[in-house]
Amino acid sequence: MEAKSLAMVVVITVSVMWGVEMATAELSAAQCKQERNLAITACKPVVYGKLPSPECCQRVRVTHLECVCPVITPKIAALIDVNRAIRLIQGCGRSVPRHYKCGSITTP
């Protein structure tokens, strides 16, 4: 998969996860990496124009936000269509707080 496509998968996955509540217990780096990988795999078809699958939306609901936001660099953030990301989040039944910042992205 080319770098831009992979970055877009990460970005869409992260964007969809904005509505996830932060956990009170700290997760290990390995646990966070595993959560990110599961979410990327489940939501990869979204990059190719498909709607989020039930599996993708489930990953959105269970993946911890603190595992995802730290990996959003300005370079990755530049690839995001924030309005599309918000539509995807809402399609999974989640809301996006106004002016929420995740990595280098702030929602409108």
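It should be emphasised that the depicted structure is a prediction, and the values quoted were computed from it without experimental measurement.
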>> Evaluate C92 against C56 for disulfide bond (SG atoms under 2.5 Å apart), listing each step before the verdict.
In response: CA-CA 8 Å; C92 285; C56 176; 5.2 Å; no
> Between V46 and L51, does a side-chain contact (heavy atoms from CB on, under 4.5 Å) hold up when you go through it step by step?
Replying inline: CA-CA 6 Å; V46 173; L51 294 174; over 6 Å; no
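When the side chain to side chain contact (heavy atoms under 4.5 Å, CB included) test is applied to L38, the partners found at least two apart in sequence or on another chain are Q34, R59. E55 pairs by the side chain to side chain donor-acceptor pair (under 3.5 Å) definition with nothing, not counting sequence neighbours. With sequence neighbours excluded, the residues that form a side chain to side chain contact (heavy atoms under 4.5 Å, CB included) with K33 are R36, N37. Under the side chain to side chain contact (heavy atoms under 4.5 Å, CB included) criterion, Q31 pairs with L27, S28, sequence neighbours left out.
Within the 3.5 Å criterion, the main-chain N or O of H64 finds a donor-acceptor partner in the side chain of E35.
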